[in-house]
Amino acid sequence: MVRDNYSYLSHLECPKCELIYHSTEVQQVCSCGSPLLARYDLESLSKDWDPSSLKDREKNLWRYHELLPVRQPQHIVCLGEGMTPLLRMPSLGMDMSIPKLYMKDESLMPSGSFKARGAAVGISKAKELGVHRFIIPSNGSAGAAWSLYAARGGMSSSIVMPVHAPRITRDGCIAAGAELLLVKGSISDAGRMVAEKVKREGLYDATALKEPYRIEGKKTMGFEIIEQMDFEVPDVILYPTGTGAGLIGIHKALQELQEIGWISGPLPRLVAVQSKGCAPIVKAWEDQQTKSMFWEQSSTEAHDIHVPKTIGDFLVLDAIYQTGGAAISVTDEEISAEQEQVTRMEGSFLCPEGAATFAAARILRSNGWIEEEEKVVVLNTGSGLKYPRISSNEVTLLDPEEAWTS
């Protein structure tokens with residue numbers, strides 16, 4: 001085991017076949033095809049670390065460096081990511097009959113989405129391991145985030161996106177100097193083409209769940225929620241789910257905090273939220289399966305949850321089953337209506353994926369799965385400004401040469 005006082009990283013482990021891998025070398029997935037998970041010396045950490053140590057640390061995700069995989073701080077690539085607001089949503093909570101409704105707002109992250117977390121930790125660790133260039137398929141937000149952090153870290157990046165990815169995310173890649181390639185197809189097509197190029201050229205594959213460290217960045221959402229709630233555990237956490245790396249990460253964070261003694265009692269019930277046009281996790285959960293099937297002819301306006309199949313499906317489903325959670329899908333129409341409702345009632349312009357989680361919370365409260373007194377945290381994973389949006393309402397056009405009488 002290699003460890004110092006900055007990181008308690010011990011090794012990498014396959015959650016499926018339990019093979020152990022060294023964390024001092026570049027690793028991708030297990031020989032069985034499963035994602036690898038970072039493991040820490042939690043027994044030692046529980047003796048060496050307590051919540052009071054966080055008091056004077058910088059307000060970014062690296063405040064949890066003991067449970068992050070970068071061993072030497074000089075390799076950290078940081079743009080100030082982390083410690084996003086956990087906001088009470090009183091008006092919306094009253095409207096939904098969920099008085100203790102909170103939103104973890106990731107729209108204030110660098111690049112405008114939660115993808116900055118995975119990029120920050122993933123690129124920092126890659127840099128520490130000597131990686132100089134990587135390739136990644138993306139529906140939009142991840143590509144933009146990884147491009148920006150690559151520029152910050154002095155690395156070269158190739159981003160492969162479906163041609164219908166939001167234009168602003170494409171512009172972010174180009175502005176950061178990334179090689180951007182557009183595919184006439186879906187994210188699955190982009191992922192297949194990336195996999196083929198990785199196999200031919202031996203590039204570092206930064207695809208979600210095909211390197212072990214993106215999850216480690218995303219799990220800091222779980223750390224922050226617990227710290228911001230004064231180490232009290234909410235009853236329910238709802239998360240928009242595409243690859244599932246964020247939900248897997250939050251579950252991992254909660255388990256680690258429980259093991260080192262920072263929280264106790266039942267973990268929050270985790271809810272995976274998807275679009276009805278692409279809901280493989282929901283279908284698997286409804287059928288009580290441990291893995292999902294490829295979702296044919298998928299379609300949704302919520303680009304970042306448009307993932308017909310993820311190699312981490314069994315980990316997402318495990319997180320749901322182990323916490324007594326659920327998986328639910330909503331229509332694009334429900335997403336759009338909730339996006340408008342939240343913006344008008346609370347002044348938060350959500351991304352469609354974030355709006356999906358609020359729409360799901362509304363449904364789960366109406367059918368009684370969420371109870372009125374429960375403390376509920378909804379994740380808004382990005383800014384609505386990242387998506388083109390044309391209002392259906394007529395807008396008054398003023399002529400400066402005429403009197404304004406209306």
So [Y] and [X], do their side chains get closer than 4.5 Å, heavy atoms only?
| X | Y | answer |
| --- | --- | --- |
| Leu68 | Trp62 | yes |
| Leu267 | His251 | yes |
| Val378 | Lys104 | no |
| Tyr102 | Val376 | no |
| Met94 | Ser97 | no |
| Ser124 | Tyr213 | no |
| Ile135 | Tyr204 | no |
| Leu315 | Leu247 | no |

Main chain of [Y], side chain of [X]: is a donor-acceptor contact present, judged purely on distance under 3.5 Å?
| X | Y | answer |
| --- | --- | --- |
| Thr323 | Arg269 | no |
| Trp295 | Gly277 | yes |
| Asp105 | Ser107 | yes |
| Arg362 | Thr357 | no |
| Gln274 | Ile328 | no |
| Lys386 | Ser111 | yes |
| Thr241 | Tyr239 | yes |
| Glu346 | Ser91 | yes |
| Ser348 | Leu350 | no |
| Asp287 | Gln289 | no |

Practice prompt. Mind listing the closest non-hydrogen atom pair of Val121 and Gly217 along with its distance?
Written response: CG2-CA, 3.4 Å
Worksheet item: Considering all heavy atoms of both residues, which atom of Cys78 and which atom of Asn60 are nearest to each other, and what is their separation?
Response: SG-ND2, 4.1 Å
Practice prompt. Look at the rings of His65 and Tyr6 and say which category their plane angle falls in: under 30° parallel, 30 to 60° tilted, over 60° perpendicular.
Written response: parallel
Atom [atom1] in [X], atom [atom2] in [Y]: separation rounded to 0.5 Å?
| X | Y | atom1 | atom2 | result |
| --- | --- | --- | --- | --- |
| Glu256 | Ser46 | CD | OG | 12.5 Å |
| Ile248 | Lys218 | CD1 | NZ | 9.0 Å |
| Ser158 | Leu203 | OG | CG | 7.0 Å |
| Ile237 | Leu379 | CD1 | CG | 7.0 Å |
| Ser147 | Ile159 | OG | CD1 | 3.5 Å |
| Ser138 | Trp146 | OG | CH2 | 11.0 Å |

Worksheet item: Tell me the ring-ring contact (aromatic ring centres under 6.0 Å, His included) pairs involving residues 22-55, sequence neighbours left out?
Response: Trp49-Trp262
Polar side chain donor-acceptor pair, [X] to [Y], under 3.5 angstrom:
| X | Y | result |
| --- | --- | --- |
| Asn139 | Asp304 | no |
| Asp313 | Thr310 | no |
| Glu106 | Thr84 | yes |
| Ser7 | Arg71 | no |
| Asp95 | Gln341 | yes |

Flag if over 12 foreign heavy atoms under 6.0 Å of [atom1], [X]:
| X | atom1 | result |
| --- | --- | --- |
| Met229 | CE | yes |
| Lys375 | NZ | yes |
| Gln322 | CD | yes |
| Gln288 | CD | yes |
| Glu301 | CD | no |
| Glu18 | CD | no |

Note: [X]-[Y] ion pair, threshold 4.0 Å (strictly below):
| X | Y | value |
| --- | --- | --- |
| Glu128 | Lys125 | yes |
| Glu334 | Lys276 | no |
| Glu286 | Lys283 | no |
| Glu372 | Lys100 | no |

Worksheet item: So Lys252 and Glu216, salt bridge (charged side-chain N to carboxylate O under 4.0 Å, His left out) or not? Walk me through it.
Response: CA-CA 9 Å; Lys252 187 172 186 289; Glu216 297 305 288; 3.0 Å; yes
Discussion item. The test is side chain to side chain contact (heavy atoms under 4.5 Å, CB included); show your working for Leu67 and Phe223 and say whether it passes.
Written reply: CA-CA 10 Å; Leu67 277 172; Phe223 293 158; 3.8 Å; yes
Item to complete: Give the intermediate values and the outcome of side chain to side chain contact (heavy atoms under 4.5 Å, CB included) for residues Met221 and Arg117.
Response: CA-CA 9 Å; Met221 290 182 286; Arg117 294 181 186 270; 3.2 Å; yes
Item to complete: Apply side-chain hydrogen bond (donor to acceptor under 3.5 Å, both in side chains) to the pair Arg133 and Ser157, showing each step before the final yes or no.
Response: CA-CA 6 Å; Arg133 181 189 175 198; Ser157 57; over 6 Å; no
Discussion item. Please evaluate residues His306 and Ser186 with respect to the criterion side-chain hydrogen bond (donor to acceptor under 3.5 Å, both in side chains), reporting the C-alpha separation (whole Å), side-chain torsions for both, the decisive distance (0.1 Å), and the verdict.
Written reply: CA-CA 9 Å; His306 189 183; Ser186 69; over 6 Å; no
Discussion item. Run the side chain to side chain contact (heavy atoms under 4.5 Å, CB included) test on Tyr8 and Leu42 for me, step by step, so that the C-alpha distance in whole Å, both residues' side-chain angles and the decisive distance to 0.1 Å come before the verdict.
Written reply: CA-CA 8 Å; Tyr8 282 65; Leu42 298 179; over 6 Å; no
Fill in: Residue list, side-chain contact (heavy atoms from CB on, under 4.5 Å) with Ala302, at least two apart or on another chain
Thr300, Ile305, Ile335, Pro352, Glu353
Item to complete: Go through Lys127 and Val77 one step at a time and tell me if the side chain to side chain contact (heavy atoms under 4.5 Å, CB included) criterion holds.
Response: CA-CA 9 Å; Lys127 184 178 178 182; Val77 180; 4.0 Å; yes
Worksheet entry | Residue pairs passing the side-chain hydrogen bond (donor to acceptor under 3.5 Å, both in side chains) test where at least one lies in residues 27-39, sequence neighbours excluded | Glu13-Arg39
Discussion item. As a test of understanding, state which of Glu224, Glu227, Glu58 forms a salt bridge (charged side-chain N to carboxylate O under 4.0 Å, His left out) with Arg63.
Written reply: Glu227
